[in-house]
Protein chains: 4
Amino acid sequence: MKSNKPKYQQIIEAAVKVIAENGYHASQVSKIAKEAGVADGTIYLYFKNKEDVLVSVFEEKMGQFIDKIAKATSEQANANDKLKVLIEMHFSQLEENPDLAIVTQLELRQSNYSLRLQINNVLKAYLRVIDEVIEEGMKDKQFRSDINPALIRQMIFGTLDEVVTNWVMKDRKFTLVDQVDEVHKFLTNGLKA
Amino acid sequence: MKSNKPKYQQIIEAAVKVIAENGYHASQVSKIAKEAGVADGTIYLYFKNKEDVLVSVFEEKMGQFIDKIAKATSEQANANDKLKVLIEMHFSQLEENPDLAIVTQLELRQSNYSLRLQINNVLKAYLRVIDEVIEEGMKDKQFRSDINPALIRQMIFGTLDEVVTNWVMKDRKFTLVDQVDEVHKFLTNGLKA
Amino acid sequence: MKSNKPKYQQIIEAAVKVIAENGYHASQVSKIAKEAGVADGTIYLYFKNKEDVLVSVFEEKMGQFIDKIAKATSEQANANDKLKVLIEMHFSQLEENPDLAIVTQLELRQSNYSLRLQINNVLKAYLRVIDEVIEEGMKDKQFRSDINPALIRQMIFGTLDEVVTNWVMKDRKFTLVDQVDEVHKFLTNGLKA
Amino acid sequence: MKSNKPKYQQIIEAAVKVIAENGYHASQVSKIAKEAGVADGTIYLYFKNKEDVLVSVFEEKMGQFIDKIAKATSEQANANDKLKVLIEMHFSQLEENPDLAIVTQLELRQSNYSLRLQINNVLKAYLRVIDEVIEEGMKDKQFRSDINPALIRQMIFGTLDEVVTNWVMKDRKFTLVDQVDEVHKFLTNGLKA
DNA sequence: TATGAATGAGAATTCATTCAT
DNA sequence: TATGAATGAATTCTCATTCAT
């Protein structure tokens, strides 16, 4: 967390709301400022520029998202259970924060290359959590030993990401957490020794 | 294919090249026109607006992409083999067309919501191909019967898409088709009866 | 002259008028465009940016100013007469174009360093004309031989420039060309052998 | 001198330094406050607004500049000697204070019309000193009697000012006081009876 | 006196699209 | 069909100034 100043958090929350409601390209700085209840110029006391606001939204929100998942998996005894909790937490956290889901799955992906790179950088922490689960599964023989961990991690992340994106694009008409078991079964079957 | 007029194709090809080289946001209509060797205004004789150019790029290129995959899978005898060929074709086609891969995996995703919807519409044809493979696999007992086909389709597509995106973002430093066997094994294991 | 396109000249003339009437800092691009009867964007078809408009104003107008003085001095037989004509032309041209006088003596001097450098570059042509008169005067013994030509040139230019600036700042309440004889006498006395 | 309060002087000195180092347009109030070691708001306890700071810089510094020249000329016995001392003092004071020279010759001239008027007002005291020398020279027949004193004063000031500006713009690569004799000779020759 | 966080007005520039030729 | 000059709407960021403390 970059700052505990209340205005910093206000602006972050306002940005999520404005982007979720208006879409990436219609989210002007002035709109975010108004939603946050501050003057346009105040944004620039807390952020370098507009891109910095967007990156910070991702850092703050995904940071918490990832921390919770990392904590929850660490409390599980084996790789299969860890993977189960990871899927559960991934789905439930986004299901509980529809605005955040819209922002991360749809809107922020419309950003330019520079922002995409910074977003990917934040995601690395999540990919490492997945990597650790895979490693543990291989060591404990829950997963096959002939897998390419990096490729598997891409497939796990791609699977989860696509399911969530689909759910958002279908206007969240089905329940995400209800899919956990089947997704988990698919992934563990794909991996089992 | 919307049109066989040579200028129509010229503009499509120019758009792919310009977007791959400059990125989505730096691909102005005037740049595409110049690359295509026509005047700016001429673009509007063949396309309704800029978005229509981009949608058409996706339609033309993904249309061919999907047709080839549909044809190849139809020539295979069972679901497992069909899935194998689908992965092979998905990877090999994009590996052979790096410009197209950059455009579809990275650049066109920066587009606005309206364009994304139209892109998804084009993708439906591909998703139907995947659906047919899944159905056949279930019917022939190669795949489990307790799966949710729609969810499985999302996971398969998400897996392939993420692997390709990763390959593009890593500047295509590894060989995509070398991953086919492992991806196929992962998916069929996840699905097998 | 950079261009003969009519719009180019329209914009130059509009800029002179707008700057003379509103002052440097209140001369927005949109105001110049409106005065020129073109759209804001049209300015950018003919000029790289706002600074380029201002530099071009100076280049065009001072270019003509200097050309006329160079031609007139070349038609005089000796250094004293050349200096006389130079002063006459310097004063009369600005007296006949009050807007231009305001722009060159007051407004464009408020510009930033980059523009000032480019303005100085244009002025070099004028300084060379003065230098040639000084050289001829020294060669023909009309002027003393113990002078530092560069210093003398600065003093001549400084003298003329200050007199004109004063005239502009005093709202042009006296007649500039009436001062020619006395200025000429002062300068030639200061220089005579 | 408006004030003897130490902070007033601190701010004046800071403004000269900041403007000399950063240029007029990059000299924000906050930068001057930081250099002076005070808070932004403190500036407004001592000055009405930013323009007032800049005017005060000119008043303070040029006030001292002019006082010294007035005192030095008053100690000379005749107009020619007074003019000599005036030139000497004009050049030497600016040569000894390069920051001040940059500020008065280049940076403050980029200011708006209102500030220029106030600067000219300060300069009037200097112009009166020049006027007195001219009057004395005419009365004592060292200078011609057929001159227009106001015009001559403009030419003298223009000459000195242009020479100093040139010296500053050429990055002070030559020695200003070495030019005193030639400038003096040029001016007195131009004026002598 | 002194602080410094907050304010909010203001302007250059881009580029998709049009339309007279 | 084809051209390309012209259009004009739309938005980020800076910085002088204020005022509650």
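Just so it is clear, the structure is predicted and the values come from calculations on it, not from any experiment. So that the names make sense, note that chain A is the first sequence line, chain B the second, and so on, each numbered from 1.
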Taking only the side-chain heavy atoms of [X] (C-beta and beyond), determine which of [options] contains the nearest atom.
X	options	answer
B:Ala39	F:dA6, E:dT3, F:dT3	F:dT3
A:Asp40	E:dA11, F:dC15, F:dC13	F:dC13
C:Thr42	E:dT17, F:dG4, F:dA6	F:dA6
B:Tyr44	F:dA2, E:dT17, F:dT17	E:dT17
D:Tyr46	F:dA2, F:dA5, E:dA2	E:dA2

Side-chain N or O of A:Lys7 closer than 4.0 Å to phosphate OP1/OP2 of E:dA5: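 The answer is no; no side-chain N or O of A:Lys7 sits under 4.0 Å from OP1 or OP2.
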Expressed in angstrom and rounded to an integer, what is the separation of [X] atom [atom1] from [N] atom [atom2]?
X	N	atom1	atom2	value
C:Asp52	E:dT13	CG	P	10 Å
A:Gln28	F:dA9	CD	P	16 Å
A:Tyr24	F:dT11	OH	C1'	13 Å
A:Ile43	F:dT11	CD1	P	16 Å
B:Lys50	E:dA16	NZ	P	4 Å
B:Ile11	F:dT3	CD1	P	9 Å
B:Phe47	F:dT1	CZ	P	13 Å
A:Tyr8	E:dA5	OH	C1'	18 Å

A:Asp40 CG to A:Lys34 NZ distance, which is reported to the nearest 0.5 Å: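 The distance works out to 10.5 Å.
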Residue D:Lys17 excluded, over 12 heavy atoms near NZ under 6.0 Å: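 Counting neighbours around NZ of D:Lys17, 12 or fewer heavy atoms of other residues, nucleotides or ligands fall under 6.0 Å, so no.
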Check against side-chain contact (heavy atoms from CB on, under 4.5 Å), C:Phe47 and C:Val55: CA-CA 10 Å; C:Phe47 301 90; C:Val55 170; over 6 Å; no
Sugar-phosphate, base or nothing in reach of A:Val29, heavy atoms under 4.0 Å: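 Sugar-phosphate contact only.
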B:Ala26 vs D:Gly41, nearer the 5' end of DNA chain E by closest nucleotide: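 Final value for this comparison: D:Gly41.
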Along DNA chain F (nearest heavy atom to each residue), the more 5'-positioned of A:His25 and B:Val38: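 Looking at the nearest nucleotide for each, B:Val38 comes out on the 5' side.
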Which residue lies more 5' along DNA chain F, comparing B:Leu45 with A:Ser30 via nearest heavy atoms: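 Final value for this comparison: B:Leu45.
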Step-by-step side-chain contact (heavy atoms from CB on, under 4.5 Å) determination, C:Gln28 to C:Val18: CA-CA 9 Å; C:Gln28 298 90 341; C:Val18 168; over 6 Å; no
Complement of E:dT14, any strand, by Watson-Crick or G-U distances under 3.5 angstrom: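 Its partner is F:dA9 (Watson-Crick or G-U wobble, both distances under 3.5 Å).
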Watson-Crick or G-U wobble mate for F:dA20, both contacts under 3.5 Å: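 By the stated definition (distances under 3.5 Å), E:dT3 pairs with F:dA20.
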Modelled atom types, side-chain donor and acceptor of C:Glu107 and C:Gln110, under 3.5 Å: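 Yes, side-chain donor-acceptor contact under 3.5 Å.
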